[in-house]
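What follows is a single structure, written as structure tokens, with notes after it.
The residues of the chain are indexed from 1 along the displayed sequence. Note that the coordinates shown come from a computational prediction; the quantities given were computed from them, not determined experimentally.
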Amino acid sequence: MKFSTFFLGLVSLSVAIATVLDRRAVSDNQLFGYATLNGGTTGGAGGTVTTVTSLADLRSAVTGATPKIVQVSGIITGDGDTIDVGNHTTVIGLGSNSGVTGGGFRVKKGTNVIFRNLKLSKSPHPTDLIELQTSTNIWVDHNTFTSDLDHDKDFYDGQLDMNHGTDFVTVSWNIFQQHFKTSLVGGSDNTGDEDSGHLRVTYHHNWFLDVNSRTPSIRFGTGHIYNNYFDNVFDSAIDSRDGAQTLVESNVFNNVTDPIETTLNGGFSNQRNNIFQDTTLDSDLAVGTLTSVPYTYATDAASAVVAAVTASAGAAIVTSLP
Ligand SMILES: *[C@@H]1O[C@H](CO)[C@@H](O)[C@H](O)[C@H]1NC(C)=O
Ligand SMILES: *[C@@H]1O[C@H](CO)[C@@H](O)[C@H](O)[C@H]1NC(C)=O
């Protein structure tokens, strides 16, 4: 081997190693999916930074439309009502144990909001842990949503619900666990006028663990659902209804009663490269038209999903700002 060949070999080896390392870092700290469209999602980047430790201070810090970063320090106990978040806001948990219990966030008629590194738990009905209503460009990243299965299925509301024409949302690297009605996209069969053509949402690298259903349930909208780990889902996992189009690729479904459903008022799904363990795919799936999405993304192989998601989903993993 000539020296130059050896040298080139070394260079390409180190580039290859750097690419692998970068890819890991990029893949769990970068925004992909529908929230990159429509001008992108930057939250409160460049704005004021406030740290809050009480519910009153949290409520007041997240209001208003000027860019702001609100750092939640510790677990703040809610009052069961919504905490309404204004435009151009990043809500981030500090360190490994920060968030809200007993209440939840809502973005209503808003835009450009990021939720990251939050532990969110046990919000009593009718308040969701996060609700996105008539809002655009939202990124929900690296949070842990936890309830319990001891109560009736309607005791808590959704962990992450979107409705009334919400659009351009990315849900990445979250853990959704111990809950009945996990993530509802499209709140009613009767809101097609508001929701058709909207409710475009990407779910990737989330871990749905010990949940009953709605991972997600999507009406009217468009769902790109890739590289998620569905682990013990007692009823239906992805429920595509009312004409919703879903592209479901390179996920792992383990011990799921009904991985993909399209029977309620005619939803559609294309599924490819998924791993199905201890579960059976419906033979009567209605195949839809969503075979590609209007943004660049890279999927992990389905065989790599369990390792990636169990290592890197949830709060306490990525504690810095995007
Ligand atoms: C927040 O953004 C929405 C969507 O662009 C806009 O309709 C609304 O007026 C904004 N709110 C404020 C207080 O600026
Ligand atoms: C599979 O899920 C069911 C609930 O649907 C649960 O009771 C059971 O323990 C799970 N099996 C395993 C092997 O985890």
Side-chain angles (χ1 to χ4, degrees), residues 31-41 132 134-140 160-172 182-206 208 213-228 230 233 235-253 256 258-276 279-302 305:
L31 175 59
F32 294 97
Y34 278 109
T36 63
L37 304 182
N38 194 40
T41 303
L132 310 176
T134 323
S135 293
T136 55
N137 292 91
I138 315 285
W139 185 19
V140 179
L160 173 57
D161 286 3
M162 309 169 204
N163 48 54
H164 297 291
T166 286
D167 219 349
F168 303 110
V169 179
T170 294
V171 180
S172 54
T182 310
S183 188
L184 180 64
V185 179
S188 160
D189 292 334
N190 306 319
T191 48
D193 52 342
E194 292 172 84
D195 293 334
S196 295
H198 303 289
L199 296 176
R200 283 167 280 192
V201 54
T202 305
Y203 288 79
H204 72 88
H205 293 96
N206 299 287
F208 296 95
S213 60
R214 301 187 179 173
T215 66
S217 168
I218 176 167
R219 293 180 169 105
F220 302 108
T222 301
H224 182 205
I225 301 164
Y226 70 92
N227 284 162
N228 301 283
F230 302 88
V233 180
D235 195 343
S236 57
I238 296 165
D239 195 354
S240 188
R241 24 202 314 204
D242 295 280
Q245 297 281 349
T246 55
L247 173 58
V248 179
E249 56 179 336
S250 303
N251 302 280
V252 175
F253 295 86
V256 172
D258 188 359
I260 308 174
E261 188 57 70
T262 55
T263 53
L264 287 174
N265 299 326
F268 301 93
S269 192
N270 277 308
Q271 69 84 23
R272 59 192 184 208
N273 304 327
N274 296 291
I275 293 176
F276 297 99
T279 182
T280 309
L281 185 63
D282 268 21
S283 54
D284 60 352
L285 222 54
V287 175
T289 55
L290 189 71
T291 53
S292 67
V293 285
Y295 49 78
T296 304
Y297 68 105
T299 53
D300 289 319
V305 163

* Apply the test side-chain contact (heavy atoms from CB on, under 4.5 Å) to residues Ile218 and Met162: give CA-CA distance (whole Å), side-chain angles for both, the deciding distance (0.1 Å), then the verdict. => CA-CA 9 Å; Ile218 176 167; Met162 309 169 204; over 6 Å; no
* To do: Check the pair Thr202, Tyr226 against side-chain contact (heavy atoms from CB on, under 4.5 Å), reporting the backbone distance first and the verdict last.
  => CA-CA 8 Å; Thr202 305; Tyr226 70 92; 3.7 Å; yes
* Side-chain donor/acceptor of Thr279 to backbone N/O of Val256, under 3.5 Å -> yes
* Asked: Is the side chain of Asn273 donor-acceptor paired with the backbone N or O of Asn251 at a distance under 3.5 Å, no angle test?
  -> no
* Asked: Between the side chains of Thr246 and Ser269, does any donor sit under 3.5 Å from an acceptor?
  -> yes
* Between the side chains of Tyr203 and Ser183, is a donor N or O closer than 3.5 angstrom to an acceptor N or O? -> yes
* **Gln271 and Leu285: CA distance, side-chain angles, deciding distance, side-chain contact (heavy atoms from CB on, under 4.5 Å) verdict** => CA-CA 9 Å; Gln271 69 84 23; Leu285 222 54; 4.1 Å; yes
* Asked: When the aromatic ring centroids of Tyr295 and Phe32 are compared, is their separation below 6.0 Å?
  -> no
* Do Asn137 side-chain atoms and Gly40 backbone N/O form a donor-acceptor pair below 3.5 Å? -> yes
* So, the side chain of Ser196 versus the backbone of Asp193: is there a donor-acceptor pair under 3.5 Å, distance only? -> no
* Asked: Judged by atom type as modelled, is there a donor-acceptor pair below 3.5 Å linking the side chain of Asn227 to the main-chain atoms of Val305?
  -> no
* Centroid-centroid under 6.0 Å between His204 and Tyr297 rings -> no
* Asked: With a 3.5 Å cut-off and no angle check, do the side chains of Asp258 and Ser236 form a donor-acceptor pair?
  -> no
* To do: In plain terms, say whether Asp239 and Arg214 are close enough for a salt bridge, that is, a side-chain N and a carboxylate O under 4.0 Å apart.
  => no
